[in-house]
Amino acid sequence: MMMIDLKQLFEIVGESVNFDCNLNLSGVKLGMTNPFTEPVHLSGKVTNRAGIVSLSYTASAIAHTVCDRCLAPIDTPVVFGFEHILVKQVNDDSNDELVVVPNLVLDLDELASSDIILELPSKVLCKEDCKGICPTCGINLNEKSCNCTQKRVDPRLEILSKLLEN
Ligand SMILES: [Zn+2]
Ligand SMILES: [Zn+2]
């Protein structure tokens, strides 16, 4: 658990604290998968620049997901960058960039977890034109083709072909 004490950072203009740590997000789910089976690496700093305390950091990891259409595993290296302004109190909570730290301790784990989860795409595809899996026979249509689609006849045509048979 990564907590950053902000007392000095708020008091001293020009003060800066670097951090480099790992975040465990193995419990996070994306669809049916846990994308972060290995720790997510966080690296960044908190700086007091002219009295404004800001946090800037990157989160990097390998995201393990599956294709939304064919379920093929996809491992993607991801790097996300985040910036926040830290404030002791806020009068107007319409600014999403502001993070309120009333007790002057930053819970980096909690903030980074929500930052990262918001960045995750709800769906991923192994490739833009993934053909997916045949709903009838379950074959991966990127690898093989099946005859299922040819057998699927328009019901109106089916009636017609029955009429023609008689
Ligand atoms: Zn796919
Ligand atoms: Zn098929």
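Atoms within a ligand are numbered from 1 in the order they appear, just like the ligands themselves. Worth knowing before you read on, the calculation uses all heavy atoms, side chains too, and leaves out hydrogens, waters and symmetry mates.
Between the side chain of Asn34 and the backbone N or O of Phe36 there is no donor-acceptor pair closer than 3.5 Å. Looking at Asp5, its side chain never comes within 3.5 Å of a backbone N or O of Val105 through a donor-acceptor pair. Listed for the Asp107 side chain is a donor-acceptor partner under 3.5 Å among the backbone atoms of Glu110.
Remark: at the Zn ion (ligand 2), atom SG from Cys146 and atom SG from Cys137 enclose 110°, rounded to the nearest 10 degrees. The Zn ion (ligand 2) lies at the vertex of an angle of 110° between the SG atom of Cys148 and the SG atom of Cys134 (rounded to 10°). Atoms SG of Cys126 and SG of Cys130, as seen from the Zn ion (ligand 1), are separated by an angle of 110°, to the nearest 10°.
Donor-acceptor pairing under 3.5 Å is lacking for the side chains of His41 and Asn22.
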